[in-house]
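Since the structure comes first, as C-alpha coordinates, the remarks are kept for the end.
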Amino acid sequence: MSALNANELLRVESLAKTFTLHLHGGARLPVVHGVSLSVMAGECVVLGGPSGVGKSSILKMVGGSYLAGEGRILVADGERVVDVARAAPREILDLRRRVVGNVSQFLRVIPRVAAIDIVAAAAQEAGFDRDAAGARAAALLARLRLPEALWRLPPATFSGGEQQRVNIARGFAGAHRLLVLDEPTASLDAANREAVIALIAERKAQGSGFLAIFHDDDVRARVADRIVDVARFSDREAA
Amino acid sequence: MTAPLLSVQGLNKRFGAIEACRDISFELEEGEALAIVGESGSGKTTLLNLVAGAAPADSGEVVYRLRDGAARALSSLSEAERRALMRTDWGFVHQDSSLGLRMNVSAGGNIGERLMAVGDRHYGRIRAAALDWLKRVEIAASRVDDPPATYSGGMRQRLQIARNLVTGPRLVFMDEPTGGLDVSVQARLLDLLRGLIADMGLAVILVTHDLAVARLLSHRILVMKQGEVIESGLTDRVLDDPQAPYTQLLVSSVLAA
(Lines give C-alpha, C1' and ligand atoms only; values in the text may rest on other atoms or scores of the structure.)
Protein backbone atom coordinates (compact mmCIF):
# COMPACT_ATOMS: atom_id res chain seq x y z
CA MET A 1 0.00 0.00 0.00
CA SER A 2 1.41 3.31 -1.01
CA ALA A 3 0.18 5.93 1.41
CA LEU A 4 -0.78 9.35 0.16
CA ASN A 5 1.74 12.18 0.00
CA ALA A 6 1.54 15.04 2.45
CA ASN A 7 -1.37 17.32 1.51
CA GLU A 8 -2.72 14.81 -0.97
CA LEU A 9 -6.47 14.48 -0.40
CA LEU A 10 -7.33 12.10 -3.22
CA ARG A 11 -5.39 9.77 -5.45
CA VAL A 12 -7.10 7.77 -8.15
CA GLU A 13 -5.01 4.93 -9.58
CA SER A 14 -5.73 2.89 -12.72
CA LEU A 15 -9.46 3.26 -12.28
CA ALA A 16 -11.67 1.48 -14.80
CA LYS A 17 -15.41 1.17 -15.31
CA THR A 18 -17.50 -0.95 -17.64
CA PHE A 19 -21.27 -1.21 -17.47
CA THR A 20 -22.81 -4.61 -18.13
CA LEU A 21 -26.36 -4.24 -19.38
CA HIS A 22 -28.06 -7.47 -18.44
CA LEU A 23 -31.39 -6.38 -19.88
CA HIS A 24 -29.74 -5.91 -23.26
CA GLY A 25 -28.21 -9.30 -23.78
CA GLY A 26 -25.39 -8.63 -21.35
CA ALA A 27 -23.96 -5.91 -23.59
CA ARG A 28 -20.75 -4.49 -22.19
CA LEU A 29 -20.33 -0.76 -22.29
CA PRO A 30 -16.78 0.28 -21.43
CA VAL A 31 -16.63 3.80 -20.04
CA VAL A 32 -13.11 4.59 -18.82
CA HIS A 33 -9.88 2.77 -18.04
CA GLY A 34 -6.52 3.70 -16.58
CA VAL A 35 -7.80 6.82 -14.84
CA SER A 36 -5.05 8.23 -12.65
CA LEU A 37 -5.17 11.62 -11.03
CA SER A 38 -4.71 13.30 -7.71
CA VAL A 39 -6.10 16.27 -5.80
CA MET A 40 -3.97 18.18 -3.31
CA ALA A 41 -5.21 20.37 -0.45
CA GLY A 42 -6.20 23.79 -1.73
CA GLU A 43 -6.42 22.64 -5.32
CA CYS A 44 -9.28 22.46 -7.79
CA VAL A 45 -8.86 19.76 -10.40
CA VAL A 46 -11.34 19.95 -13.26
CA LEU A 47 -12.22 17.00 -15.46
CA GLY A 48 -12.30 18.07 -19.09
CA GLY A 49 -13.41 16.48 -22.33
CA PRO A 50 -16.56 16.26 -24.41
CA SER A 51 -19.90 15.01 -23.23
CA GLY A 52 -20.15 11.22 -22.85
CA VAL A 53 -16.45 10.78 -22.25
CA GLY A 54 -16.94 9.48 -18.70
CA LYS A 55 -16.41 12.55 -16.49
CA SER A 56 -19.52 12.08 -14.37
CA SER A 57 -18.81 8.36 -14.01
CA ILE A 58 -15.43 9.16 -12.49
CA LEU A 59 -17.03 11.59 -10.02
CA LYS A 60 -19.64 9.01 -9.07
CA MET A 61 -17.03 6.36 -8.44
CA VAL A 62 -15.11 8.78 -6.22
CA GLY A 63 -18.35 9.57 -4.36
CA GLY A 64 -19.19 5.86 -4.09
CA SER A 65 -22.50 5.87 -5.95
CA TYR A 66 -20.95 3.95 -8.86
CA LEU A 67 -19.01 0.78 -8.29
CA ALA A 68 -15.38 1.02 -9.41
CA GLY A 69 -14.51 -1.78 -11.83
CA GLU A 70 -10.78 -1.83 -11.26
CA GLY A 71 -8.23 0.37 -9.58
CA ARG A 72 -8.05 2.35 -6.38
CA ILE A 73 -9.61 5.53 -5.07
CA LEU A 74 -7.54 6.60 -2.08
CA VAL A 75 -9.03 9.29 0.14
CA ALA A 76 -7.18 10.91 3.04
CA ASP A 77 -9.11 10.79 6.30
CA GLY A 78 -6.76 12.43 8.75
CA GLU A 79 -3.93 9.95 9.24
CA ARG A 80 -5.94 7.17 7.64
CA VAL A 81 -6.31 6.33 3.96
CA VAL A 82 -9.57 4.81 2.75
CA ASP A 83 -9.87 3.06 -0.62
CA VAL A 84 -13.39 3.95 -1.75
CA ALA A 85 -13.20 1.26 -4.43
CA ARG A 86 -13.13 -1.41 -1.73
CA ALA A 87 -14.61 0.26 1.34
CA ALA A 88 -17.65 -1.19 3.08
CA PRO A 89 -20.90 0.82 2.74
CA ARG A 90 -20.58 1.98 6.35
CA GLU A 91 -17.11 3.41 5.74
CA ILE A 92 -18.33 5.29 2.67
CA LEU A 93 -21.27 6.74 4.60
CA ASP A 94 -18.86 7.87 7.30
CA LEU A 95 -16.56 9.47 4.71
CA ARG A 96 -19.51 11.30 3.17
CA ARG A 97 -20.47 12.76 6.53
CA ARG A 98 -17.02 14.00 7.43
CA VAL A 99 -14.60 13.99 4.52
CA VAL A 100 -16.06 13.87 1.00
CA GLY A 101 -18.79 16.38 0.15
CA ASN A 102 -20.82 16.23 -2.99
CA VAL A 103 -22.82 18.56 -5.21
CA SER A 104 -24.73 16.67 -7.87
CA GLN A 105 -26.19 18.13 -11.04
CA PHE A 106 -29.70 18.19 -9.65
CA LEU A 107 -31.24 18.54 -6.23
CA ARG A 108 -33.13 15.43 -5.22
CA VAL A 109 -36.13 17.08 -3.65
CA ILE A 110 -37.51 15.71 -0.42
CA PRO A 111 -41.23 16.40 -0.08
CA ARG A 112 -42.23 18.95 2.55
CA VAL A 113 -38.75 19.80 3.81
CA ALA A 114 -37.87 23.51 3.74
CA ALA A 115 -34.80 24.68 1.82
CA ILE A 116 -33.02 25.90 4.94
CA ASP A 117 -33.71 22.64 6.76
CA ILE A 118 -32.23 20.61 3.88
CA VAL A 119 -29.03 22.62 4.19
CA ALA A 120 -29.01 22.60 8.00
CA ALA A 121 -29.53 18.82 8.06
CA ALA A 122 -26.40 18.40 5.94
CA ALA A 123 -24.43 20.56 8.38
CA GLN A 124 -25.75 18.55 11.32
CA GLU A 125 -24.78 15.29 9.64
CA ALA A 126 -21.30 16.71 9.23
CA GLY A 127 -21.10 17.28 12.97
CA PHE A 128 -22.33 20.82 13.63
CA ASP A 129 -24.80 21.17 16.47
CA ARG A 130 -28.35 22.28 15.72
CA ASP A 131 -27.79 26.01 16.28
CA ALA A 132 -24.49 26.15 14.42
CA ALA A 133 -26.01 24.13 11.57
CA GLY A 134 -28.94 26.55 11.28
CA ALA A 135 -26.63 29.55 11.28
CA ARG A 136 -24.39 27.95 8.65
CA ALA A 137 -27.37 27.16 6.46
CA ALA A 138 -28.66 30.72 6.65
CA ALA A 139 -25.23 32.17 5.90
CA LEU A 140 -24.77 29.92 2.87
CA LEU A 141 -28.21 30.60 1.42
CA ALA A 142 -27.61 34.32 1.86
CA ARG A 143 -24.23 34.12 0.15
CA LEU A 144 -25.77 32.16 -2.69
CA ARG A 145 -28.38 34.91 -2.97
CA LEU A 146 -31.43 32.71 -2.47
CA PRO A 147 -34.27 35.14 -1.65
CA GLU A 148 -35.06 34.88 2.04
CA ALA A 149 -38.75 34.47 1.27
CA LEU A 150 -37.91 31.02 -0.11
CA TRP A 151 -35.88 29.71 2.81
CA ARG A 152 -38.81 28.26 4.71
CA LEU A 153 -40.41 26.69 1.62
CA PRO A 154 -39.71 23.25 0.17
CA PRO A 155 -37.71 23.58 -3.07
CA ALA A 156 -40.05 21.42 -5.20
CA THR A 157 -41.56 24.50 -6.84
CA PHE A 158 -38.31 26.49 -7.11
CA SER A 159 -36.71 27.30 -10.45
CA GLY A 160 -33.80 25.15 -11.65
CA GLY A 161 -31.29 27.80 -10.61
CA GLU A 162 -32.84 28.22 -7.17
CA GLN A 163 -32.86 24.47 -6.58
CA GLN A 164 -29.27 24.27 -7.68
CA ARG A 165 -28.25 26.93 -5.16
CA VAL A 166 -29.93 24.95 -2.38
CA ASN A 167 -28.00 21.95 -3.65
CA ILE A 168 -24.70 23.85 -3.57
CA ALA A 169 -25.42 25.18 -0.08
CA ARG A 170 -26.08 21.63 1.06
CA GLY A 171 -22.81 20.41 -0.44
CA PHE A 172 -20.85 23.20 1.25
CA ALA A 173 -22.69 22.99 4.58
CA GLY A 174 -20.22 20.60 6.17
CA ALA A 175 -16.51 21.08 6.65
CA HIS A 176 -15.53 18.46 4.07
CA ARG A 177 -11.93 18.55 2.94
CA LEU A 178 -12.66 17.07 -0.46
CA LEU A 179 -15.59 18.30 -2.53
CA VAL A 180 -16.87 16.63 -5.67
CA LEU A 181 -18.85 18.97 -7.90
CA ASP A 182 -20.80 17.92 -11.00
CA GLU A 183 -21.58 21.08 -12.99
CA PRO A 184 -22.77 23.13 -10.05
CA THR A 185 -23.03 26.32 -12.10
CA ALA A 186 -24.84 24.91 -15.13
CA SER A 187 -28.18 26.59 -14.46
CA LEU A 188 -26.98 29.77 -12.77
CA ASP A 189 -26.89 33.33 -14.07
CA ALA A 190 -23.73 35.45 -13.99
CA ALA A 191 -24.24 36.97 -10.53
CA ASN A 192 -24.93 33.61 -8.94
CA ARG A 193 -21.98 32.03 -10.71
CA GLU A 194 -19.81 34.70 -9.11
CA ALA A 195 -21.11 33.72 -5.69
CA VAL A 196 -20.21 30.07 -6.31
CA ILE A 197 -16.75 30.97 -7.63
CA ALA A 198 -16.12 33.03 -4.48
CA LEU A 199 -17.25 30.17 -2.29
CA ILE A 200 -14.92 27.73 -4.03
CA ALA A 201 -12.00 30.16 -3.78
CA GLU A 202 -12.64 30.63 -0.07
CA ARG A 203 -12.73 26.90 0.63
CA LYS A 204 -9.60 26.35 -1.43
CA ALA A 205 -7.83 28.97 0.68
CA GLN A 206 -8.92 27.04 3.77
CA GLY A 207 -7.30 23.89 2.38
CA SER A 208 -10.19 22.03 0.81
CA GLY A 209 -9.59 20.25 -2.47
CA PHE A 210 -12.03 19.95 -5.37
CA LEU A 211 -12.64 17.46 -8.12
CA ALA A 212 -15.12 19.07 -10.47
CA ILE A 213 -16.83 19.26 -13.82
CA PHE A 214 -17.60 22.72 -15.25
CA HIS A 215 -18.86 23.22 -18.75
CA ASP A 216 -18.69 26.97 -18.46
CA ASP A 217 -15.28 28.04 -19.82
CA ASP A 218 -15.18 31.24 -17.82
CA VAL A 219 -15.87 29.48 -14.51
CA ARG A 220 -13.40 26.76 -15.33
CA ALA A 221 -10.66 29.26 -16.18
CA ARG A 222 -11.18 31.03 -12.87
CA VAL A 223 -11.33 28.11 -10.45
CA ALA A 224 -9.27 25.33 -12.06
CA ASP A 225 -5.70 24.80 -10.97
CA ARG A 226 -5.37 21.89 -13.36
CA ILE A 227 -7.51 20.35 -16.06
CA VAL A 228 -7.37 16.60 -16.56
CA ASP A 229 -8.49 15.60 -20.03
CA VAL A 230 -10.66 12.54 -19.56
CA ALA A 231 -10.62 11.74 -23.29
CA ARG A 232 -7.31 9.96 -22.84
CA PHE A 233 -8.93 7.54 -20.38
CA SER A 234 -12.10 7.14 -22.37
CA ASP A 235 -13.30 3.96 -24.02
CA ARG A 236 -15.61 5.94 -26.28
CA GLU A 237 -14.67 7.50 -29.57
CA ALA A 238 -14.75 11.26 -29.19
CA ALA A 239 -17.90 12.59 -30.81
CA MET B 1 -14.71 -3.49 18.79
CA THR B 2 -18.22 -3.71 20.19
CA ALA B 3 -20.53 -6.22 18.55
CA PRO B 4 -22.95 -4.88 15.94
CA LEU B 5 -26.41 -4.03 17.22
CA LEU B 6 -27.87 -6.89 15.25
CA SER B 7 -26.20 -9.81 13.54
CA VAL B 8 -28.20 -12.14 11.33
CA GLN B 9 -26.38 -15.39 10.66
CA GLY B 10 -27.36 -17.94 8.03
CA LEU B 11 -31.14 -17.80 8.30
CA ASN B 12 -33.11 -20.45 6.43
CA LYS B 13 -36.85 -20.94 6.12
CA ARG B 14 -38.88 -23.30 3.98
CA PHE B 15 -42.61 -23.46 3.40
CA GLY B 16 -43.00 -26.94 1.97
CA ALA B 17 -41.21 -26.99 -1.35
CA ILE B 18 -40.64 -23.23 -1.33
CA GLU B 19 -37.42 -21.82 0.02
CA ALA B 20 -38.64 -18.52 1.43
CA CYS B 21 -35.22 -17.53 2.84
CA ARG B 22 -31.92 -19.14 1.97
CA ASP B 23 -28.77 -18.63 4.01
CA ILE B 24 -29.25 -14.95 4.76
CA SER B 25 -26.68 -13.06 6.80
CA PHE B 26 -26.22 -9.36 7.47
CA GLU B 27 -25.31 -6.94 10.24
CA LEU B 28 -26.86 -3.71 11.40
CA GLU B 29 -25.29 -0.94 13.48
CA GLU B 30 -27.01 1.57 15.70
CA GLY B 31 -28.62 4.38 13.73
CA GLU B 32 -28.42 2.49 10.47
CA ALA B 33 -31.43 2.07 8.19
CA LEU B 34 -31.49 -1.02 5.99
CA ALA B 35 -34.08 -1.54 3.26
CA ILE B 36 -35.03 -5.00 2.04
CA VAL B 37 -36.42 -4.70 -1.47
CA GLY B 38 -37.77 -7.16 -3.99
CA GLU B 39 -41.03 -8.10 -5.65
CA SER B 40 -43.95 -9.81 -3.97
CA GLY B 41 -43.00 -13.36 -3.07
CA SER B 42 -39.27 -12.63 -2.95
CA GLY B 43 -39.16 -13.54 0.73
CA LYS B 44 -38.60 -10.09 2.15
CA THR B 45 -41.51 -10.07 4.60
CA THR B 46 -40.61 -13.61 5.71
CA LEU B 47 -37.08 -12.43 6.39
CA LEU B 48 -38.37 -9.49 8.43
CA ASN B 49 -40.56 -11.81 10.50
CA LEU B 50 -37.68 -14.22 11.11
CA VAL B 51 -35.36 -11.46 12.24
CA ALA B 52 -38.02 -9.88 14.46
CA GLY B 53 -38.80 -13.25 16.02
CA ALA B 54 -42.37 -13.18 14.72
CA ALA B 55 -41.82 -16.51 12.96
CA PRO B 56 -39.36 -19.31 13.72
CA ALA B 57 -36.43 -19.96 11.36
CA ASP B 58 -35.54 -23.50 10.31
CA SER B 59 -31.91 -22.76 11.00
CA GLY B 60 -29.61 -19.81 11.60
CA GLU B 61 -29.31 -17.30 14.39
CA VAL B 62 -30.17 -13.71 15.21
CA VAL B 63 -27.83 -12.07 17.72
CA TYR B 64 -28.82 -8.76 19.32
CA ARG B 65 -26.76 -6.47 21.53
CA LEU B 66 -28.91 -5.71 24.56
CA ARG B 67 -28.85 -2.39 26.39
CA ASP B 68 -26.44 -3.81 28.94
CA GLY B 69 -23.96 -4.43 26.09
CA ALA B 70 -24.27 -8.21 26.03
CA ALA B 71 -24.74 -9.73 22.56
CA ARG B 72 -27.29 -12.51 22.96
CA ALA B 73 -28.73 -15.02 20.52
CA LEU B 74 -32.48 -14.50 20.50
CA SER B 75 -32.96 -18.24 20.75
CA SER B 76 -31.17 -18.13 24.12
CA LEU B 77 -33.56 -15.57 25.61
CA SER B 78 -36.40 -16.69 27.83
CA GLU B 79 -39.92 -15.97 26.65
CA ALA B 80 -40.20 -13.18 29.22
CA GLU B 81 -36.92 -11.63 28.13
CA ARG B 82 -37.96 -11.76 24.51
CA ARG B 83 -41.32 -10.14 25.21
CA ALA B 84 -39.63 -7.40 27.23
CA LEU B 85 -37.25 -6.75 24.33
CA MET B 86 -40.11 -6.40 21.87
CA ARG B 87 -42.02 -4.05 24.12
CA THR B 88 -39.16 -1.73 24.94
CA ASP B 89 -36.12 -1.82 22.71
CA TRP B 90 -37.83 -2.92 19.50
CA GLY B 91 -40.76 -1.65 17.52
CA PHE B 92 -42.71 -3.16 14.66
CA VAL B 93 -44.71 -1.02 12.24
CA HIS B 94 -47.05 -3.14 10.15
CA GLN B 95 -48.48 -2.27 6.76
CA ASP B 96 -51.89 -3.25 8.11
CA SER B 97 -52.35 -0.92 11.06
CA SER B 98 -54.96 -3.22 12.61
CA LEU B 99 -52.09 -5.65 13.35
CA GLY B 100 -50.17 -2.99 15.23
CA LEU B 101 -52.98 -1.11 16.97
CA ARG B 102 -55.97 -1.91 19.13
CA MET B 103 -58.63 -0.45 16.92
CA ASN B 104 -61.25 0.11 19.62
CA VAL B 105 -58.98 1.48 22.31
CA SER B 106 -58.41 5.25 22.38
CA ALA B 107 -55.32 6.67 20.68
CA GLY B 108 -53.99 7.70 24.07
CA GLY B 109 -54.59 4.18 25.34
CA ASN B 110 -52.73 2.70 22.37
CA ILE B 111 -49.67 4.77 23.16
CA GLY B 112 -50.02 4.40 26.92
CA GLU B 113 -50.31 0.65 26.74
CA ARG B 114 -46.70 0.28 25.69
CA LEU B 115 -45.55 2.50 28.55
CA MET B 116 -47.64 0.53 31.02
CA ALA B 117 -46.14 -2.67 29.65
CA VAL B 118 -42.74 -1.44 30.76
CA GLY B 119 -44.02 -0.66 34.23
CA ASP B 120 -45.16 2.97 34.12
CA ARG B 121 -48.27 3.37 36.28
CA HIS B 122 -48.43 7.14 36.61
CA TYR B 123 -51.58 8.21 34.76
CA GLY B 124 -50.58 11.86 34.37
CA ARG B 125 -47.20 11.00 32.97
CA ILE B 126 -48.60 8.44 30.55
CA ARG B 127 -51.22 10.92 29.36
CA ALA B 128 -48.57 13.61 28.88
CA ALA B 129 -46.35 11.21 26.92
CA ALA B 130 -49.30 10.20 24.74
CA LEU B 131 -50.15 13.83 23.99
CA ASP B 132 -46.52 14.63 23.28
CA TRP B 133 -46.27 11.75 20.84
CA LEU B 134 -49.52 12.61 19.09
CA LYS B 135 -48.05 16.04 18.49
CA ARG B 136 -44.81 14.59 17.18
CA VAL B 137 -46.69 12.49 14.66
CA GLU B 138 -48.93 15.44 13.75
CA ILE B 139 -52.20 14.20 15.21
CA ALA B 140 -54.38 16.84 16.90
CA ALA B 141 -54.51 16.52 20.70
CA SER B 142 -58.30 16.70 20.44
CA ARG B 143 -58.24 13.19 18.93
CA VAL B 144 -56.49 11.58 21.91
CA ASP B 145 -59.65 9.91 23.22
CA ASP B 146 -60.84 8.66 19.83
CA PRO B 147 -60.07 5.07 18.84
CA PRO B 148 -58.04 4.48 15.67
CA ALA B 149 -61.11 2.86 14.11
CA THR B 150 -62.26 6.47 13.55
CA TYR B 151 -58.92 7.53 11.98
CA SER B 152 -57.88 7.76 8.33
CA GLY B 153 -55.27 5.32 7.00
CA GLY B 154 -52.45 7.86 7.20
CA MET B 155 -53.37 8.83 10.78
CA ARG B 156 -53.46 5.18 11.82
CA GLN B 157 -49.94 4.68 10.48
CA ARG B 158 -48.75 7.75 12.35
CA LEU B 159 -50.40 6.50 15.53
CA GLN B 160 -48.76 3.12 15.05
CA ILE B 161 -45.41 4.86 14.79
CA ALA B 162 -46.09 6.87 17.97
CA ARG B 163 -47.06 3.71 19.84
CA ASN B 164 -43.83 2.04 18.78
CA LEU B 165 -41.50 4.94 19.48
CA VAL B 166 -42.84 6.05 22.86
CA THR B 167 -40.60 3.61 24.70
CA GLY B 168 -37.48 4.91 22.93
CA PRO B 169 -36.57 1.72 21.03
CA ARG B 170 -33.21 1.31 19.34
CA LEU B 171 -34.45 -0.92 16.51
CA VAL B 172 -37.68 -0.65 14.55
CA PHE B 173 -38.94 -3.12 11.97
CA MET B 174 -41.21 -1.74 9.25
CA ASP B 175 -43.22 -3.76 6.76
CA GLU B 176 -44.35 -1.55 3.85
CA PRO B 177 -45.21 1.31 6.24
CA THR B 178 -46.54 3.50 3.41
CA GLY B 179 -48.21 0.72 1.43
CA GLY B 180 -51.79 1.33 0.44
CA LEU B 181 -51.74 5.05 1.27
CA ASP B 182 -52.48 7.90 -1.13
CA VAL B 183 -49.36 9.49 -2.58
CA SER B 184 -49.80 12.77 -0.71
CA VAL B 185 -50.35 10.89 2.55
CA GLN B 186 -47.29 8.78 1.80
CA ALA B 187 -45.08 11.83 1.34
CA ARG B 188 -46.09 13.23 4.71
CA LEU B 189 -45.51 9.90 6.44
CA LEU B 190 -42.14 9.41 4.77
CA ASP B 191 -40.99 12.84 5.77
CA LEU B 192 -42.11 12.21 9.33
CA LEU B 193 -40.32 8.86 9.44
CA ARG B 194 -37.18 10.34 7.95
CA GLY B 195 -37.08 13.01 10.64
CA LEU B 196 -37.77 10.60 13.51
CA ILE B 197 -35.15 8.10 12.33
CA ALA B 198 -32.52 10.85 12.20
CA ASP B 199 -33.54 12.57 15.46
CA MET B 200 -33.75 9.38 17.51
CA GLY B 201 -30.80 7.67 15.85
CA LEU B 202 -32.97 4.63 15.20
CA ALA B 203 -31.78 1.48 13.54
CA VAL B 204 -34.40 0.41 11.03
CA ILE B 205 -35.09 -2.67 8.95
CA LEU B 206 -37.58 -1.63 6.33
CA VAL B 207 -39.32 -3.94 3.89
CA THR B 208 -40.59 -2.16 0.81
CA HIS B 209 -41.19 -2.84 -2.85
CA ASP B 210 -41.01 0.90 -3.50
CA LEU B 211 -37.47 1.89 -4.47
CA ALA B 212 -38.21 5.59 -3.93
CA VAL B 213 -39.11 4.82 -0.31
CA ALA B 214 -35.90 2.84 0.05
CA ARG B 215 -33.89 5.73 -1.39
CA LEU B 216 -35.44 8.24 0.95
CA LEU B 217 -35.21 6.25 4.17
CA SER B 218 -32.32 3.79 3.97
CA HIS B 219 -28.55 3.83 4.07
CA ARG B 220 -28.14 0.32 2.72
CA ILE B 221 -30.20 -2.05 0.62
CA LEU B 222 -30.56 -5.81 0.37
CA VAL B 223 -32.16 -6.98 -2.86
CA MET B 224 -34.05 -10.27 -2.54
CA LYS B 225 -35.18 -12.66 -5.22
CA GLN B 226 -36.66 -16.10 -4.66
CA GLY B 227 -35.53 -16.25 -1.07
CA GLU B 228 -31.96 -15.15 -1.64
CA VAL B 229 -30.09 -11.87 -1.24
CA ILE B 230 -28.78 -11.30 -4.75
CA GLU B 231 -27.25 -7.86 -4.24
CA SER B 232 -26.48 -5.56 -1.34
CA GLY B 233 -24.69 -2.29 -0.75
CA LEU B 234 -25.04 1.44 -0.28
CA THR B 235 -28.54 2.55 -1.23
CA ASP B 236 -27.48 5.01 -3.93
CA ARG B 237 -24.89 2.59 -5.31
CA VAL B 238 -27.45 -0.21 -5.67
CA LEU B 239 -30.03 2.10 -7.25
CA ASP B 240 -27.68 4.14 -9.47
CA ASP B 241 -25.32 1.35 -10.54
CA PRO B 242 -27.14 -1.96 -10.03
CA GLN B 243 -25.00 -4.99 -10.79
CA ALA B 244 -27.27 -8.03 -10.71
CA PRO B 245 -29.61 -8.65 -13.66
CA TYR B 246 -32.64 -8.71 -11.36
CA THR B 247 -31.67 -5.42 -9.67
CA GLN B 248 -31.21 -3.83 -13.08
CA LEU B 249 -34.69 -5.02 -13.98
CA LEU B 250 -36.20 -3.63 -10.77
CA VAL B 251 -34.51 -0.26 -11.15
CA SER B 252 -35.37 0.08 -14.84
CA SER B 253 -38.99 -0.84 -14.22
CA VAL B 254 -39.84 2.25 -12.20
CA LEU B 255 -40.48 5.59 -13.80
CA ALA B 256 -38.34 7.60 -11.39
CA ALA B 257 -36.77 6.43 -8.16
Side-chain angles (χ1 to χ4, degrees), chain A residues 17-29 31 56-69 73 84-97 100 102 104-106 108-114 117-118 120-126 130 133 154 156 180 182, chain B residues 1 4-5 26-35 138 178 182-195 197-199 201 203 212-213 215-222 230-253 256-257:
Chain A
K17 175 75 184 169
T18 295
F19 288 108
T20 303
L21 309 177
H22 292 289
L23 304 183
H24 301 277
R28 289 171 56 78
L29 191 63
V31 183
S56 279
S57 292
I58 295 172
L59 290 194
K60 286 173 179 167
M61 285 188 277
V62 170
S65 64
Y66 276 11
L67 195 67
I73 301 165
V84 172
R86 272 167 203 77
R90 204 164 287 135
E91 285 182 277
I92 294 177
L93 288 169
D94 181 47
L95 275 188
R96 287 179 184 174
R97 278 188 283 266
V100 184
N102 180 51
S104 57
Q105 260 174 296
F106 302 101
R108 196 178 285 281
V109 178
I110 304 161
R112 297 210 317 153
V113 182
D117 293 336
I118 291 175
Q124 259 188 291
E125 278 224 345
R130 192 179 285 266
V180 176
D182 194 349
Chain B
M1 279 291 281
L5 182 67
F26 63 87
E27 291 182 348
L28 192 70
E29 297 287 352
E30 259 166 295
E32 200 172 40
L34 175 77
E138 304 172 8
T178 60
D182 290 343
V183 175
S184 61
V185 178
Q186 262 197 36
R188 181 176 185 189
L189 187 65
L190 284 171
D191 174 43
L192 181 75
L193 277 174
R194 212 182 50 83
I197 290 169
D199 288 350
V213 170
R215 187 184 294 267
L216 199 58
L217 293 185
S218 72
H219 300 112
R220 286 193 298 137
I221 285 186
L222 301 182
I230 51 133
E231 181 161 358
S232 67
L234 269 182
T235 294
D236 57 336
R237 206 283 295 153
V238 171
L239 297 180
D240 294 344
D241 188 15
Q243 303 293 306
Y246 179 68
T247 317
Q248 291 188 356
L249 179 65
L250 278 184
V251 170
S252 68
S253 301

- Message: So which atom in B:Arg220 and which in B:Thr235 form the shortest heavy-atom distance, rounded to 0.1 Å?
- Response: N-OG1, 3.2 Å

- Query: Among A:Lys60, A:Gln124, A:Lys17, who wins on heavy-atom pairs under 4.5 Å with chain B?
  - Reply: A:Lys17

- Message: Less than 4.5 Å to any heavy atom of chain A: does that hold for the side chain of B:Arg194, its backbone, both, or neither?
- Response: side chain

- Message: I'd like to know if B:Asp236 pairs up with A:Arg108 as an ion pair, taking the criterion as any Lys NZ or Arg NE/NH1/NH2 lying under 4.0 Å from an Asp or Glu carboxylate oxygen.
- Response: no

- Go through the atoms of A:Ile92 and report whether side chain, backbone, both or neither lie under 4.5 Å from a heavy atom of chain B. side chain

- Message: List the residues meeting side-chain hydrogen bond (donor to acceptor under 3.5 Å, both in side chains) with B:Asp240, not counting sequence neighbours, and say none if there are none.
- Response: B:Arg215

- Task: With a 4.5 angstrom heavy-atom cut-off, could you sort out which part of B:Leu249 is near chain A: side chain, backbone, both or neither?
- Result: both

- Task: Ignoring hydrogens and angles, tell me if any N or O in the side chain of B:Glu27 forms a donor-acceptor pair with the backbone of B:Pro4 under 3.5 Å.
- Result: no

- Task: For the pair B:Arg237 and B:Glu231, find out whether any cationic side-chain nitrogen is under 4.0 Å from an anionic carboxylate oxygen.
- Result: yes

- Message: Report which part of B:Gln243 has an atom under 4.5 Å of a heavy atom belonging to chain A: side chain, backbone, both, or neither.
- Response: both

- Query: Do you know which of B:Pro245, B:Ala198, B:Ala187, B:Ser232 has the most heavy-atom pairs with chain A at a distance under 4.5 angstrom?
  - Reply: B:Pro245

